[in-house]
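The figures here come from the full heavy-atom set of this structure, side chains too, leaving out hydrogens, waters and symmetry mates. Chain naming here is simple, since letters A, B, ... match the order of the sequence lines and numbering starts at 1 in each.
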2 protein chains.
Amino acid sequence: MLVRTNALTRRSIDGPLATLAGDQVACSEFRYRRGAEVFGEGEPAEYAYQVISGAIRTYKLLSDGRRQINSFHLPGDIFGLENGRAHRFSADAVVETEVRITRRHSLVDVMKRRETETNLVDLVTRNLQHAENHMLLLGRKTALEKVAAFLLEMDERLAHPNVMVLPMGRRDIADYLGLTLETVSRALSSLRDEHMLRFDGQTQREVVLLDRIRLAELDS
Amino acid sequence: MLVRTNALTRRSIDGPLATLAGDQVACSEFRYRRGAEVFGEGEPAEYAYQVISGAIRTYKLLSDGRRQINSFHLPGDIFGLENGRAHRFSADAVVETEVRITRRHSLVDVMKRRETETNLVDLVTRNLQHAENHMLLLGRKTALEKVAAFLLEMDERLAHPNVMVLPMGRRDIADYLGLTLETVSRALSSLRDEHMLRFDGQTQREVVLLDRIRLAELDS
DNA sequence: CGCCCCTTTGAAGCATATCAAACCGCGTGG
DNA sequence: CCACGCGGTTTGATATGCTTCAAAGGGGCG
């Protein structure tokens with residue numbers, strides 16, 4: 001499948017991938033047909049990619065098929081460079097597309113050599129990962145799904161306390177979720193009525209999650 | 001303003017910031033009152049921050065005051081670590097909040113020493129930056145604003161061609177913008193009717209931007 | 001020529017926003 | 001101690017922007 005190439009066959013687009021890879025690692029080129037999948041979410045991340053011509057979309061899917069495209073990758077762009085072992089999103093060709101490919105290992109090894117125990121790339125990448133998840137939420141989830149996702153995110157980040165004390169008000173939650181505060185309030189009331197959560201104390205900021213499983217189901 | 005501290009006064013939360021900084025750089029602690037601004041979008045990024053207690057929100061604002069919160073930063077979280085000179089978003093305290101602060105320079109210098117000319121952090125960070133802008137779009141912009149922003153993004157990335165040939169169809173644009181394809185189509189028709197763009201050829205994929213200024217105004 | 005995909009356009013429905021009012025706990029000052 | 005005011009939240013009624021459902025146009029390709 002992979003078309004081997006060498007320095008002499010390189011095209012005019014020599015971006016960071018080529019620079020990074022330099023002559024230390026092998027680059028190959030490959031051509032994808034319109035709609036062809038480059039990689040799927042959850043698949044092992046073996047390669048890093050640079051678009052030579054055409055366009056790639058990277059996206060996430062909800063279980064019901066709704067899709068959120070994170071980015072379009074155009075000629076010169078690098079994508080698919082993951083810190084973990086698996087791709088966090090899917091990628092496929094919008095049109096007939098040429099890409100340059102290099103084994104992820106090569107890059108990661110170069111990276112590892114240059115950085116020590118505490119990895120700054122990891123740090124930024126975690127932020128990126130959060131942003132990607134959030135884009136999916138903002139672009140494609142309903143109010144109820146958003147609020148459920150928010151509660152579960154906070155629950156997890158607060159290490160699943162019995163009583164979750166939210167430091168932020170309804171307005172802040174609303175702005176985080178791309179909703180109005182009234183809609184957030186209604187969603188919370190609805191979840192309370194459905195016995196998925198309960199308010200503790202008098203402030204409405206102390207929440208007890210009663211059914212994390214059903215909340216997670218709501219979160220698609 | 002900054003409260004100097006040393007290793008002896010450090011609290012129990014010693015996350016990556018402390019590790020990164022180690023004993024190489026000075027850490028200070030500071031306390032923000034509820035609602036106090038830690039930094040504003042566009043301000044010079046002089047420090048990196050780690051939350052000790054409380055909560056910080058980072059967000060962007062549209063000119064009419066609509067706000068999109070990107071993240072809530074809870075104890076242990078690091079934020080405000082920028083690659084460029086300026087903050088890409090604002091940060092302020094949701095509640096009374098303690099943060100540990102270190103000069104950005106210290107970290108950046110450590111980083112620079114460890115990495116060479118081609119900076120992987122830059123790479124990931126650019127993606128993050130895009131994601132942040134996109135969250136604002138998804139959470140807070142109207143259909144017309146989204147489509148205008150999309151056109152301007154593509155225009156810029158394609159180096160302002162006279163005729164912009166979009167590689168993707170309406171469905172792809174819609175999924176990128178968190179809309180339906182019909183809404184994208186209606187928005188484009190509306191922009192055409194308002195003489196902000198014109199379709200070239202017969203495919204409706206070749207767009208000529210006639211009034212980038214008004215488009216940019218739409219994009220808030 | 002005819003089919004298929006993409007796009008546009010129209011009509012109706014619906015989820016969420018907007019507008020409005022009441023409630024509630026809390027802090028403050030009388 | 002209570003009255004009051006105030007910010008935050010809930011709830012209700014209405015409005016609306018976007019989606020959904022539907023159909024027709026238009027171009028490319030077999």
- [ ] Sugar-phosphate atoms are those with a prime plus P, OP1 and OP2; base atoms are the rest. Using that split, label each nucleotide of nucleotides 25-30 of chain D B, S or - for protein heavy atoms under 4.0 Å, 5' to 3'.
- [x] --S---

Task: Annotated protein contacts, base or backbone, on nucleotides 1-7 of chain D with a non-hydrogen cut-off under 4.0 Å, one of B, S, - each - done: -------

Which side-chain N or O atoms in residues 161-171 of chain A pair as donor and acceptor under 3.5 Å with protein atoms at least two apart or in another chain?
{"unit_1": "R170(A)", "atom_1": "NH1", "unit_2": "Q204(A)", "atom_2": "O", "d": "3.3"}
{"unit_1": "R170(A)", "atom_1": "NH2", "unit_2": "Q204(A)", "atom_2": "O", "d": "2.7"}

Open item on the list: Would the distance check show the side chain of K60(A) and the main-chain N or O of L136(A) forming a donor-acceptor pair, the cut-off being under 3.5 Å?
Closed with: no

- [ ] Nearest whole angstrom, please: distance from the P of dT10(D) to the CZ of R192(A).
- [x]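 The answer, rounded to whole Å, is 7 Å.
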
- [ ] Rounded to the nearest angstrom, tell me the gap between atom CD in E145(B) and atom P in dG17(D).
- [x]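 Computing the E145(B):CD to dG17(D):P distance gives 12 Å.
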
Atom pairs, protein N/O to nucleotides 19-22 of chain D N/O, distance under 3.5 Å:
{"unit_1": "dT19(D)", "atom_1": "OP1", "unit_2": "T180(B)", "atom_2": "N", "d": "3.3"}
{"unit_1": "dT19(D)", "atom_1": "OP2", "unit_2": "T180(B)", "atom_2": "N", "d": "3.2"}
{"unit_1": "dT19(D)", "atom_1": "OP2", "unit_2": "T180(B)", "atom_2": "OG1", "d": "3.0"}
{"unit_1": "dT19(D)", "atom_1": "OP2", "unit_2": "T183(B)", "atom_2": "OG1", "d": "2.3"}
{"unit_1": "dT20(D)", "atom_1": "O4", "unit_2": "R186(B)", "atom_2": "NH2", "d": "2.8"}
{"unit_1": "dC21(D)", "atom_1": "N4", "unit_2": "E182(B)", "atom_2": "OE2", "d": "3.1"}

Among all residues two or more places apart in sequence or in another chain, which pass the side-chain contact (heavy atoms from CB on, under 4.5 Å) test with [X]?
| X | result |
| --- | --- |
| A91(B) | V38(B), F39(B), I56(B), T58(B), F79(B) |
| D219(B) | K141(B), A149(B), L152(B) |
| D92(A) | E37(A), R57(A), Y59(A) |

Task: Non-hydrogen atoms of L128(B) and A131(A) that approach each other most closely - done: CD1-CB, 4.1 Å

Pairwise side-chain contact, [X] with [Y], heavy-atom cut-off 4.5 Å (strictly under):
| X | Y | answer |
| --- | --- | --- |
| L151(B) | M196(B) | no |
| T102(B) | Y47(B) | no |
| L177(B) | L137(B) | yes |

Open item on the list: Within residues 162-170 of chain A, which residues have any heavy atom lying less than 4.0 Å from an atom of DNA chain D?
Closed with: G169(A), R170(A)

Open item on the list: Can you tell me how the ring of H134(A) sits relative to the ring of H130(A), calling it parallel under 30°, perpendicular over 60° and tilted otherwise?
Closed with: parallel

How would you list, by chain and number, every residue that makes a side chain to side chain donor-acceptor pair (under 3.5 Å) with [X], sequence neighbours excluded?
| X | value |
| --- | --- |
| R67(A) | D172(B), D175(B) |
| S190(B) | none |
| H160(B) | D155(B) |

Open item on the list: If we count only N and O atoms by modelled type, under 3.5 Å, do the side chains of T183(A) and R186(A) hold a donor and an acceptor together?
Closed with: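 Judged by distance alone, the side chains do not pair up.
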
Open item on the list: Distance under 4.0 Å to a non-hydrogen atom of chain B counts as contact; along DNA chain C, which nucleotides mark the start and end?
Closed with: dC6(C) to dA11(C)

Open item on the list: Does S185(A) reach a base, just sugar-phosphate, or nothing at all? Heavy atoms under 4.0 Å.
Closed with: base

TODO: Count the heavy atoms of every other residue, nucleotide or ligand shown that sit under 6.0 Å from CZ of R34(A), and state whether that count exceeds 12.
DONE: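 No - once you tally the heavy atoms of other residues, nucleotides and ligands closer than 6.0 Å, there are 12 at most.
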
